[in-house]
Amino acid sequence: MVIRIGLALDTGDSNDHRLLRWAIEGLKADCPCRRQEIVMKKLTSREDTSDILSNKGKLLPDLEALYKDIHAHPELSMQETRTAGIAADRLNDAGYEVTAGVGKTGVVGLLRNGKGPTVMLRADMDALPIAENTGLAYSSKVTATDPEGKTVPVGHMCGHDMHVAWLVGAATLFSKTRKDWKRTLMAVFQPGEETAQGAQAMIDDGLLERFPTPDVVLGQYVMVGPSGTVAGSAGPITSAADKKK
């Protein structure tokens, strides 16, 4: 099952809690036929997740700093070496089995915690060739060479800096609370989303053969909408996919 999640920004509690609850229910589900029902039904429930989420507040200052750092250092599609290095280091620090360079700059982290289904959490890493004019203290001043050899400005205009920070946070929380869940968690940091290169590159490099095939895939995305809301759908959504295997 592939589920794409759209999250509207909130300064409060909801986004991380909801994404994590979906992942938690996927890791706890025993019956594949019930997994979609469980994931959707538990969206607003906090039952049995408080232990896993209890460390969330402690992580927020570090995750905010991480977000600002990545925002200030954007990288073009398939050039995400710095961002991928940060992701790999964070996964290593959290005790994951880490494989870097999957599909050129992709990163895969595995946290094995008992037999059973595998839940994959995915975040994209690349930025766009667009100049940032926000005036923020951590705004991007980066330029890079594009595939055509041109020097272009680079900015995180599509939220992938936030996606990376979210996934680092989720991966860290699950690592700290292994006694509260079982199965296998698979964290995937994907390159080249903006150019539609990275997912295929990772698949061509053996993503589904070298690593456990996920039973549930959760791909979160920051979107425009009412603050603190979340929407999701099984299968391709907000993408250019024309088929799925």
Side-chain angles (χ1 to χ4, degrees), residues 1-5 19-20 22-32 35-36 38-39 52 77-126 160 163-178 180-193 195-221 232 234-236 239 241 243-245:
M1 179 193 301
V2 178
I3 298 174
R4 187 71 173 259
I5 306 168
L19 173 62
L20 286 166
W22 283 33
I24 291 163
E25 293 307 325
L27 288 164
K28 290 182 176 180
D30 292 317
C31 175
R35 199 161 299 132
Q36 182 174 6
I38 291 171
V39 167
I52 294 176
S77 301
M78 309 308 293
Q79 299 181 21
E80 311 92 339
T81 54
R82 182 182 186 274
T83 307
I86 291 172
D89 288 344
R90 291 300 188 109
L91 290 175
N92 269 312
D93 291 344
Y96 284 69
E97 303 170 26
V98 180
T99 304
V102 181
K104 189 175 180 180
T105 52
V107 178
V108 177
L110 292 175
L111 191 62
R112 303 179 193 271
N113 196 31
K115 296 180 179 180
T118 297
V119 172
M120 179 179 132
L121 304 181
R122 169 265 189 192
D124 36 19
M125 301 185 290
D126 53 332
H160 298 184
H163 299 172
V164 172
W166 283 346
L167 184 48
V168 167
T172 303
L173 286 175
F174 278 113
S175 176
K176 290 178 177 293
T177 55
R178 278 178 257 193
D180 297 310
W181 61 273
K182 296 297 179 184
R183 317 297 192 258
T184 296
L185 185 66
M186 181 176 177
V188 173
F189 292 86
Q190 177 199 315
E193 188 269 351
T195 57
Q197 294 175 281
Q200 191 62 56
M202 294 189 79
I203 291 170
D204 291 345
D205 200 15
L207 178 66
L208 302 179
E209 292 80 34
R210 296 164 58 187
F211 308 98
T213 300
D215 298 272
V216 178
V217 178
L218 300 177
Q220 84 282 10
Y221 210 98
S239 69
K243 64 180 179 179
K244 61 179 181 179
K245 181 178 179 180

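Numbering starts at 1 and runs along the sequence shown.
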How long is the straight-line distance from CG of Leu167 back to CG of Asp124, given to the nearest 0.5 Å? 10.0 Å
Among His160, His163, Arg122, Gln197, which one satisfies side chain to side chain donor-acceptor pair (under 3.5 Å) with Gln190? Arg122
How far apart are the closest heavy atoms of Ser77 and Asp126, and which atoms are they? OG-OD2, 2.6 Å
Pro191 versus Val107: any side-chain heavy-atom pair under 4.5 Å? no
If every non-hydrogen atom of Thr177 is compared with every non-hydrogen atom of Leu173, which pair is closest and at what distance? OG1-O, 2.8 Å
For a 4.5 angstrom cut-off between non-hydrogen side-chain atoms, does Leu207 reach Asp205? no
If you round to the nearest 0.5 Å, how far is CE of Met202 from CZ of Arg210? 8.5 Å
Quick one: does Val108's side chain get under 4.5 Å of Met186's, heavy atoms only? yes
Who are the side-chain hydrogen bond (donor to acceptor under 3.5 Å, both in side chains) partners of Thr213, not counting sequence neighbours? none
To the nearest 0.5 Å, what is the distance between CG (Leu121) and CH2 (Trp166)? 12.5 Å
Drop me the distance from Gln79's CD to Lys104's NZ, to the nearest 0.5 angstrom. 6.5 Å
Glu193 side, atom CD; Tyr221 side, atom OH - distance, nearest 0.5 Å: 4.5 Å
Roughly how far apart are Thr184 OG1 and Asn113 CG, rounded to 0.5 Å? 8.0 Å
Within the 4.5 Å heavy-atom criterion, are Thr118 and Phe211 side-chain neighbours or not? no
Trp181 side chain reached by Leu111 side chain, heavy atoms, under 4.5 Å: yes
Result block: side-chain N/O donor-acceptor pairs under 3.5 angstrom for residues 93-103, not counting sequence neighbours:
residue	atom	partner	partner atom	Å
Tyr96	OH	Ala171	O	2.8
Glu97	OE1	Arg112	NE	3.3
Glu97	OE2	Arg112	NE	2.9

Taking all atoms of both residues into account, what is the closest heavy-atom pair of Thr105 and Glu80, and its distance? OG1-OE1, 2.7 Å
What one should report as the nearest heavy-atom pair of Pro214 and Met120 is CB-CB, 3.7 Å
